[in-house]
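We name chains A, B, ... by the order of the sequence lines, and we start the count at 1 in each one.
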Amino acid sequence: MPAIMLPDGSVRHFDAPVSGAALARAIGPGLARAALAMKLDGRLVDLSTTIGHDASVVFVTRRDPEALGLIRHDAAHVLAEAVQSLYPGTQVTIGPAIENGFYYDFARNEPFTPEDFPPIEAKMREIVAANAPFVREVWERDAAIAFFEARGERFKAELIRDLPASEEISFYRQGDWVDLCRGPHMRTTGDVGTAFKLMKVAGAYWRGDHRNPMLSRIYGTAWRDKAELDAYLHMLEEAERRDHRRIGREMGLFHLQEEAVGSVFWHPKGWRLYRRTEAYMRRRLDAAGYQEVRTPQLVDRSLWEASGHWEKFREHMFIASVEDEARTLALKPMNCPCHVQIFRQGVRSYRELPLRMAEFGSCHRYEPSGALHGIMRVRAFTQDDAHIFCTEAQVAPETARFVALLASVYRDLGFPDFSVKFSDRPPVRAGSDEVWDKAEAALIEACRLAGVEYTLNPGEGAFYGPKLEFVLRDAIGREWQCGTLQVDYILPDRLDAEYVAEDGTRRRPVMLHRAILGSFERFLGVMIEHYAGRFPLWLAPVQAVVTTVVSDADEYAAEVAAALREQGLVVEVDLGREKITAKIREHSLAHVPVILVVGRKEAEARTVALRRLGGEAQDVLPLDEAVARLAAEATPPDLRSA
RNA sequence: GCCGACGUAGCUCAGUGGUAGAGCAACUGAUUCGUAAUCAGUAGGUCGUCAGUUCAAUCCUGACCGUCGGCACCA
């Protein structure tokens, strides 16, 4: 005799158990048509699920956010059926919904190629048009295993074997095709709709483990309607347009080449962008009480043995040696052991804590070749690194100070929107549970103190301590993990760092490893994509171009440029004989933020016509005023008064 | 590192078993023109590298290097 509560607070009573579909029909024909699935006491289930007890039900329609996941998951099933019907002998494995779409991993001797997409998509449309109901079946475990083994589906059989005994083995049938699946699904294959598209093929390890066979993965995207699909495809084009590798080349910022894989050749304009960012960071760190240091690139292996890197990370380190010496050196992959060496010089007092030691540390890591990506993932990079040596009591306030600094830096650099992930103790870790309890509690308290909201990232902490990860959101909604703060009780111990406490005893400091940008290379890559090369004036590598309408204005143009350079702006002068429209186009494509056009009128009146990148308006104003205005705007945010 | 695709002029790309083309950019000349492409001409390539097959390879085969998309990795 179920009593079912609906979202509007009303309650419906039934004499017997009732399916979701029947419930929807009882409420109204409109809902019966629109309902795709339902949330039964908050759990998303099939509409065919029978409700036999008192419950609350919320129907999911195409308009609800949950619909996307359902559409994508169902699309994965439709893809799998299409592939098996076109390519007999292909084994199915898993096919989940993911952000923006879905994928399905297939086992087949010959991998798929994009040329296979058109026939597969056509078959998928057939399956959707057939509008076959998704029918849930519960199987007995051995029968399920036998079923898949008889069909040569060893991956599916393996999945079932590894399901916990308590788990119900459910199948979903669509027409003649059936797949092991936990569900839930929508009513029919027709509910998938037609707003889907196969995107790419890729290899993927079975169960994500590189020791396992490589499967052939097909990625697709799926949306509620064509408008959403088009918007998504447009966003992808936008991302491609913003690609830092393309913009870096077009703007002459940097290049990469074979002889130095994973290292950046910074060109004058790119290096100016880099230096502006670095100078900004240096001012912020100075103001925040950090002391900058510089430590060696090449360090003897004995230090890496002491720090634990030699044992744990050697395969990621570049090792160097010379013939005349027996020593083995390594290029530093991290700065922390070197910073501890500075801390260890002389006797440290509690009065010196917290001691904030910063370095724009140049590091090398041997990253796997497949991981390299433009300047975002390289083998030689510079971190905005710092280590805060402090007492346990200082962990919370220092974390709060750091988060405030980080938020301010992100805001200044154009990223007001960021989120925080809290990674707690990993399964394999150093240190006792008591130490971890302490470290995690301190970090939680610090977040409370700083008013930081975070999502939990369980088991993802560093082996030596819990960490916060700071993820910023760019102009087109993508997320980039940049900043980090890690609490470390281990390294000070391994490298024997100590200070004299108030009571005269020697104690271990706690180390906070922290970075705001992460690495300059990666962060600048993110910034290039975020701004699509259209940097704010204070960061732009070339801040303005002065160009002429007629050659009579050449002399005046030089004067205008000189006046701007006097104020520290980087200005180019274009006296080319092309038409002004062509010159405007050229410098706009080069992403120069300000174009100053001068002709006879301006030369006589001592004015400039100021044009902003992307805009069409011309602002004619006196030279002095233009210079003052641009100089103010080109001042870095931390140096502006008020 | 693994799977797949790709590598031709500075860039974007065409093309062929008989040693290569276009557009843009560059350079030269003409054009003095008012806010996103003025016209004409010139120059530019060991067709990623190394082997093999062939009378002949940029093209076919193999290995290697690199890039791209994923996977794995990201201390």
Atom [atom1] of [X] and atom [atom2] of [N]: how far apart are they, to the nearest Å?
| X | N | atom1 | atom2 | result |
| --- | --- | --- | --- | --- |
| A:Leu331 | B:A75 | CG | P | 19 Å |
| A:Asn212 | B:C3 | CG | P | 14 Å |
| A:Glu578 | B:U35 | CD | P | 16 Å |
| A:Glu240 | B:C11 | CD | P | 17 Å |
| A:Phe106 | B:G4 | CZ | P | 17 Å |
| A:Arg585 | B:A25 | CZ | C1' | 12 Å |
| A:Arg522 | B:C74 | CZ | P | 14 Å |

Quiz item: [X] side-chain donor-acceptor pair to [N] base, under 3.5 Å:
| X | N | result |
| --- | --- | --- |
| A:Thr581 | B:U35 | no |
| A:Arg365 | B:A75 | yes |
| A:Tyr366 | B:G1 | no |
| A:Glu602 | B:G34 | yes |
| A:Arg611 | B:A36 | yes |

Whole-Å [atom1] distance, [N] and [M]:
| N | M | atom1 | result |
| --- | --- | --- | --- |
| B:U16 | B:U35 | P | 46 Å |
| B:G1 | B:C64 | C1' | 16 Å |
| B:G21 | B:A14 | C1' | 7 Å |
| B:G69 | B:U32 | P | 48 Å |
| B:G45 | B:A22 | P | 14 Å |

More than 12 heavy atoms from other groups under 6.0 Å of CD on A:Glu555: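 No, because the 6.0 Å sphere around CD of A:Glu555 holds 12 heavy atoms or fewer from other groups.
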Counting only Watson-Crick pairs (N1-N3 plus N6-O4 or O6-N4) and G-U wobbles (N1-O2, O6-N3), all under 3.5 Å, who is the partner of [N]?
| N | answer |
| --- | --- |
| B:C2 | B:G70 |
| B:C13 | B:G21 |
| B:G34 | none |
| B:U61 | B:A51 |
| B:C39 | B:G29 |
| B:U46 | none |

Contact pattern, 5' to 3', of nucleotides 58-63 of chain B - B, S or - by protein heavy atom under 4.0 Å: ------
Verify the contact: side-chain N or O of [X] to OP1 or OP2 of [N], cut-off strictly under 4.0 Å; return yes or no.
| X | N | result |
| --- | --- | --- |
| A:Lys312 | B:A75 | no |
| A:Arg249 | B:U12 | yes |
| A:Arg217 | B:C3 | no |

A:Pro368 side chain, from C-beta outward: closest of B:A36, B:A37, B:A72: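 Nearest listed nucleotide: B:A72.
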Six-ring centre of A:Tyr103, A:Arg217 cation under 6.0 angstrom, axis tolerance 45°: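 A:Arg217 over A:Tyr103 ring: yes.
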Parallel, tilted or perpendicular: rings of [Y] and [X] (30°, 60°):
| X | Y | value |
| --- | --- | --- |
| A:Trp266 | A:Phe254 | perpendicular |
| A:Phe389 | A:Phe343 | parallel |
| A:Phe106 | A:Tyr104 | parallel |
| A:Phe265 | A:His255 | parallel |

A:Thr484 versus A:Gln486, side-chain donor and acceptor atoms under 3.5 Å: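 Yes, side-chain donor-acceptor contact under 3.5 Å.
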Hey, does [X] reach any base, or is it just sugar-phosphate, or nothing, if we go heavy atoms under 4.0 Å?
| X | value |
| --- | --- |
| A:Leu589 | base |
| A:Gly308 | nothing |
| A:Pro111 | sugar-phosphate |

Proximity of A:Phe360 and A:Phe520 rings by center, below 6.0 Å: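 Yes, ring centres under 6.0 Å apart.
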Position toward the 5' end of RNA chain B (nearest nucleotide), A:Tyr464 or A:Gly208: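 Result of the comparison: A:Gly208.
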5′-ward residue of the pair A:Asp243/A:Glu367 relative to RNA chain B: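 First, find each residue's nearest nucleotide; the 5'-ward one identifies A:Asp243.
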Distance in Å, A:Leu215 CG paired with A:Arg207 CZ, rounded so as to fall on 0.5 Å steps: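 Between atom CG of A:Leu215 and atom CZ of A:Arg207 there are 11.0 Å.
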